[in-house]
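Note that the structure is predicted; figures quoted are calculated from it, not measured. Labels below follow one simple rule: chain letters A, B, ... track the order of the sequence lines, proteins then strands, and each chain is numbered from 1.
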Amino acid sequence: MKKLVLLGLVLSFLLSFVSSAKAGDSELVGAGATFPYPLYSKMFEVYHEKYGVSVNYQSIGSGGGQRQLLSRTVDFGASDGFMNNDQLAKAPAKIVHIPMVLGADVVSYNLPGRPELRFTPDVIADIFLGRITQWDDARIKANNPGVSLPSDSIVVVHRSDGSGTTHIFTDYLCKVSHQWASRVGEGVSVSWPVGLGAKGNEGVAGLIQQTPNSIGYVELIYAAKNHMSIGVIKNKSGKFIHPSISSIAAAANIPQIPEDTRVFITDSSAPGGYPLSGFTWILVYQDQNYGGRSEERAQQLVKLLWWMAHQGQQYAASLDYVQLPQKALTKTEKIIESIHYGGKRLLAEGKY
Amino acid sequence: MVDNGVSFRIFKDNLFKWSLVLVSFLATVPLFLILFYVAKNGISSFSWTFITHLPKPPGEAGGGILNGIVGTLLLIGWSSLLSIPLGITLGLYLSEFREGFFSYWVRLCIDVLQGTPSVVIGIVAYAWIVITMGGFSLFSGGVALSLIMVPMIVKATEETLKLIPSALKEASLALGVSYSKTIFKVIIPSGLSGIVTGILLGVARVAGETAPLLFTAFGNPFVNWNPLKPVSALPILIFNYASSPFPEWHQLAWGASLFLVTIVLLLNAVSRVVIRKWKVQF
Amino acid sequence: MKSEPTFKGILYLSAASTIFLLAGLFFTLLRHSLPSLKAFGFGMFYRSVWNPVSGDFGAFPFIVGTLFTAFLALAFCTPFALAISLLLGEYWRGTTWSGILQTLIEVPAGIPSVIYGFWGLFLVVPLIRSLESKLHVAPYGVGIFTASVILSIMIIPYAASLMIETIKLVPYDLKEAAYSLGATRVEVIRNVVLPYARSGVFAGILLALGRALGETMAVTMVIGNSNFIPKSIFAPANTMASIIANEFTEASDPLHLSSLIEVGVLLFFLTMVINMIGKAIIRRTVSGAYG
């Protein structure tokens with residue numbers, strides 16, 4: 001009896017093995033940024049309903065997306081910080097960056113009475129450096145006359161995982177604070193001078209909500225969706241700017257996007273531009289013929305990317321992301337078209 | 001005649017006893033708190049939709065944990081498939097060859113494996129399977145969990161089989177029954193309850209394991225049966241949703257917790273019944 | 001017996017495979033931590049920078065964090081475990097009450113650690129936060145103290161189960177001799193039972209320690225993930241297990257990954273040594289009691 005049951009179990013497993021191996025290429029695996037995760041998971045849900053292709057996207061952080069792509073355990077990585085030349089040189093093959101959408105880091109905080117606070121760049125840098133430690137510090141007060149601030153210490157919350165949200169944030173801080181540039185630097189994970197760490201945008205937002213007198217940085221949608229306080233930040237032209245679709249789009253309107261699209265648009269000089277905006281990219285190998293991947297699978301991937309850059313864009317605005325502007329879209333299309341399978345063009349077979 | 005010294009000593013004795021009772025029952029308070037919290041928050045999200053649907057994108061209400069349930073069942077299936085035969089054989093080996101150099105080392109290895117933190121097991125499974133096969137997968141998760149299960153099954157098997165008197169085995173052998181038949185028809189059936197208990201406890205343990213799955217099974221918003229593709233599991237789901245800011249996801253996580261706790265405690269209860277009803281006695 | 005070499009062959013083969021398995025495990029861990037061993041040598045164990053930007057790694061803060069949380073958890077758990085084991089192993093041996101209490105003590109061992117973490121996040125963290133604001137320390141809520149409290153709940157069953165067994169092993173004639181001299185029960189416990197069961201109690205604590213050191217999820221969720229040497233028991237920190245759980249899938253630099261694996265190796269050896277000592281004590285106690 002026991003043997004029979006065991007045999008049945010083994011057989012059913014083998015069966016599932018075989019049957020699913022056949023249908024194997026209707027699933028793509030991606031990993032990376034939590035920054036665009038709400039949007040991507042919406043896109044992939046729709047995509048699954050429309051075309052029956054399931055895209056398994058795990059929001060493990062941009063650092064994770066880069067690393068898993070490098071070790072070739074996923075079909076695509078996602079990141080909102082780009083890989084530098086050093087990292088790209090270490091990759092086993094050429095990796096391309098495909099801009100998908102724009103978003104923004106916001107400075108979010110948890111204070112009694114939920115006041116709207118204004119921040120200047122140097123104040124943000126000094127809070128995260130641990131040089132401003134009290135909410136009623138004179139420099140915070142100076143920008144926020146009339147707001148009653150508690151005389152409690154500031155609890156800084158940052159990411160504990162490798163993150164593009166962190167990369168955008170630290171890139172900005174490096175631009176506005178020499179102290180930050182020399183003491184901490186920029187990257188997907190940095191050595192934080194102060195604060196608590198939490199995993200993912202989800203974790204940081206959760207921790208800020210739970211911790212009174214805390215401050216941290218998250219992608220706009222995470223703060224907006226959870227009705228968290230969002231700081232207003234002074235940009236390069238001296239205006240205090242709310243993060244919004246229009247102010248992010250204004251920042252995105254840069255004169256020259258480089259061919260490989262690796263550019264940060266933080267500390268925008270556009271008068272209405274929000275200073276903590278950024279692109280978020282999908283990372284793939286340009287030559288899809290590696291590690292025994294089938295051409296069919298590569299085809300699926302390229303079709304998905306094309307769909308995301310076009311039909312997929314309609315879901316952006318409702319989730320507070322900004323569609324690719326025409327200038328960037330042209331680049332995106334060109335890069336998707338350049339993806340090949342051992343020299344064979346992939347996109348010719350039809351786009352959705 | 002009881003003088004004051006003695007009554008003071010008796011008082012001290014009673015005081016000690018009752019403080020022990022107090023402290024002991026205080027130690028059980030967290031258990032009730034956990035069960036109460038999980039039940040209170042989890043029960044409201046329980047519905048047919050909850051166990052038959054996939055999760056929704058963040059911030060959208062509704063959805064279920066079907067991917068996690070299927071994933072956990074598949075992971076249990078795979079890890080059982082890999083660990084039960086090896087575990088029983090090893091337990092058998094250790095109970096048959098109790099002394100000796102080789103047995104000493106095997107036992108030591110099993111002890112070390114049992115004490116290895118699950119997060120380290122995750123690293124090893126990642127290096128062995130995920131890197132080699134070029135991707136996160138159900139299979140790699142199964143391997144990681146089986147490394148946790150094997151020592152538990154070995155210990156249970158060895159302990160039970162040791163209790164079986166050698167007269168039983170000798171009688172069978174003396175009747176001319178072959179060695180392997182003696183093992184399969186006499187030894188293992190007599191110790192079956194212990195082995196089954198070990199397996200049940202092993203399953204209960206791996207059903208709740210999280211850390212090694214983060215590096216192996218990885219998670220998946222869809223249901224997946226393919227051993228070469230990533231799967232979700234209830235503990236991964238709980239971990240991801242618990243630390244998120246979305247109340248809808250907290251709700252899913254509480255529901256998933258209730259589901260998982262129920263399964264795990266049920267398995268523990270069944271194993272208790274098995275060991276009590278079919279106790280190995282000679 | 002010799003008629004069936006294949007069957008015995010399978011037995012031997014499976015036994016040999018275990019040794020290969022463990023050797024493979026060792027080898028894999030060591031090989032993958034080689035790059036960081038080369039880069040930092042033993043500096044990994046006493047340096048306290050953890051900087052992914054400059055690629056400089058030293059795990060000292062996590063070692064401190066791990067030992068801090070584990071020993072604090074032990075301090076919380078020992079009185080409870082001892083009380084339970086005296087009650088079950090001495091006072092209430094074989095009574096209905098003991099059956100009930102025994103079950104209540106064993107059930108927590110079966111609850112998955114991720115659920116402890118989740119529960120801790122929503123119940124224990126706010127409680128500790130309000131405690132912290134009363135004590136006028138930074139009210140993070142998460143941190144070493146919170147992690148230790150949850151950890152101690154989790155390890156009580158492990159510590160208690162072994163203590164109960166060893167307390168049960170104390171010979172009756174010794175106890176009866178003490179009673180016949182007019183000792184009360186508490187005096188018997190203090191002068192006979194505890195001294196006799198001392199090493200078993202110690203082994204129970206060691207096994208619970210081994211468990212506490214390697215515990216990952218519950219700790220990761222409530223420890224605050226800060227890569228500094230903790231300055232107080234309320235400070236946020238990271239343990240060796242939690243830093244691995246947090247950063248393993250996302251370390252993009254090979255050196256970073258290798259450093260994490262080296263932390264894993266250290267954790268592996270630490271728990272192994274503690275478990276070995278504990279098991280050796282148990283073996284000695286048990287053979288002492290019967291022999």
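Interface residue I19(C): backbone and side-chain heavy atoms are both found under 4.5 Å from chain B. No part of R31(C) comes within reach of chain B, as not one of its non-hydrogen atoms sits under 4.5 angstrom from that chain. In this structure, no portion of S152(C) lies under 4.5 Å from any heavy atom of chain B. Contact of A16(C) with chain B is made through backbone and side chain together, with heavy-atom distances under 4.5 Å. Neither the backbone nor the side chain of E90(C) comes within contact range of chain B, judged by heavy atoms closer than 4.5 Å. Neither the backbone nor the side chain of E209(B) comes within less than 4.5 Å of any heavy atom of chain C. For L147(B), the part lying under 4.5 angstrom from a heavy atom of chain C is the side chain only. For T28(B), the part lying under 4.5 angstrom from a heavy atom of chain C is the side chain only. For chain B, the nearby part of Y91(C) is the side chain; its heavy atoms alone come within less than 4.5 Å. Contacts between I244(C) and chain B at a heavy-atom distance below 4.5 Å involve backbone atoms as well as side-chain atoms. With a 4.5 Å cut-off on non-hydrogen atoms, I236(B) does not touch chain C at all. At a 4.5 Å heavy-atom cutoff, the contact between F184(B) and chain C is made by side-chain atoms alone. Contacts between L121(C) and chain B at a heavy-atom distance below 4.5 Å involve the side chain alone, from C-beta outward.
A distance of 7.0 Å separates CD1 in I105(C) from OG in S24(B), rounded to the nearest 0.5 Å. Rounding to the nearest 0.5 angstrom, the gap separating the SG atom in C109(B) from the CZ atom in F26(C) is 8.0 Å. Considering OH of Y179(B) and CZ of F7(C), their distance stands at 6.5 Å, rounded to 0.5 Å. Atom OG of S14(C) and atom CD1 of I88(B) lie 11.5 Å apart (nearest 0.5 Å). We find the CD1-CD1 distance between I238(B) and I115(C) to be 4.5 Å, quoted to the nearest 0.5 Å.
Pairing each heavy atom of P117(B) with each of T271(C), the nearest pair is CD-OG1, 3.4 Å. S17(C) and L86(B) make their closest contact through OG-CD1, 3.8 Å (heavy atoms, listed as atom of the first residue, atom of the second, distance). When every heavy atom of Y116(C) is checked against every heavy atom of I34(B), the shortest pair comes out as CE2-CD1, 3.3 Å. Of all heavy-atom pairs spanning W128(B) and G24(C), the tightest one is CZ2-C, 3.6 Å. Across every non-hydrogen atom of A15(C) and F102(B), the tightest pair is CB-CE2, 3.9 Å. Heavy atoms only, all atoms of each residue included: V119(B) and A245(C) are closest at CG2-N, 4.4 Å.
The choice from T249(C), L25(C), N275(C) that makes the most heavy-atom pairs within less than 4.5 Å of chain B is L25(C). Chain C forms more heavy-atom pairs under 4.5 Å with one residue of L113(B), I183(B), D111(B), L201(B) than with any other, namely D111(B). Considering only heavy-atom pairs separated by less than 4.5 Å from chain C, the leading option among A269(B), S257(B), P212(B) is S257(B). Counting heavy-atom pairs closer than 4.5 Å to chain B, the top-ranked of the candidates L82(C), I111(C), L123(C) is L123(C). Chosen from Y126(B), F25(B), W254(B), F218(B), the residue pairing most often with chain C at heavy-atom distances under 4.5 Å is W254(B). With chain B as partner, the option from F248(C), F80(C), F268(C) having the largest number of non-hydrogen pairs under 4.5 angstrom is F248(C). The greatest number of non-hydrogen atom pairs below 4.5 Å with chain C, out of V120(B), V106(B), V124(B), L90(B), is found for L90(B). Your options are F215(B), F136(B), Y37(B), and the one with the most heavy-atom pairs under 4.5 Å with chain C is F215(B). Interface remark: of the candidates E187(C), M272(C), M240(C), E187(C) forms the most heavy-atom pairs closer than 4.5 Å to chain B. Between chain B and the residues L21(C), I156(C), L13(C), the most heavy-atom pairs under 4.5 angstrom are made by L21(C). Ranked by heavy-atom pairs under 4.5 Å with chain B, the first of C77(C), A83(C), G214(C) is A83(C). Between chain C and the residues A256(B), G122(B), G115(B), A242(B), the most heavy-atom pairs under 4.5 angstrom are made by A242(B).
Residues L104(C) and L31(B) meet the side-chain proximity criterion, which asks for heavy atoms closer than 4.5 Å. Side-chain contact between P112(C) and T210(B): absent, with no pair of heavy atoms (C-beta onward) separated by less than 4.5 Å. Looking at heavy atoms from C-beta onward, M276(C) lies in side-chain contact with L108(B) at the 4.5 angstrom threshold. V38(B) has its side chain out of reach of W119(C): every pair of non-hydrogen atoms, C-beta onward, lies at least 4.5 Å apart. A 4.5 Å side-chain heavy-atom check between V107(C) and N268(B) finds every atom pair outside the cut-off. Between V112(B) and L22(C), some side-chain heavy-atom pair lies under the 4.5 Å cut-off.
Using bins of under 30°, 30° to 60° and over 60° for the plane-to-plane angle, the ring pair Y12(C)/Y93(B) lands in the perpendicular bin. Ring planes of F118(C) and H250(B): tilted class, angle from 30 to 60°.
Heavy-atom neighbours of chain B within the stretch residues 216-225 of chain C, taken at a separation under 4.5 angstrom, comprise T216(C), M217(C), M221(C).
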Show every donor-acceptor pair shorter than 3.5 Å between a side-chain atom in residues 15-23 of chain B and any protein atom, with sequence neighbours excluded, or say none if there are none.
from, atom 1, to, atom 2, distance (Å)
S19(B), OG, L15(B), O, 2.9
S19(B), OG, F16(B), O, 2.8

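D13(B) places no side-chain N or O within 3.5 Å of a backbone atom of T184(C) that could act as its donor or acceptor partner.
With sequence neighbours excluded, the residues satisfying side-chain contact (heavy atoms from CB on, under 4.5 Å) with I274(C) are L206(C), L209(C), L213(C). For E106(C), the side-chain contact (heavy atoms from CB on, under 4.5 Å) partners two or more places apart in sequence, or in a different chain, are R272(B), Q102(C).
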Step by step, work out the side-chain contact (heavy atoms from CB on, under 4.5 Å) result for R185(C) and K12(B).
-> CA-CA 10 Å; R185(C) 207 153 192 184; K12(B) 243 183 25 182; over 6 Å; no
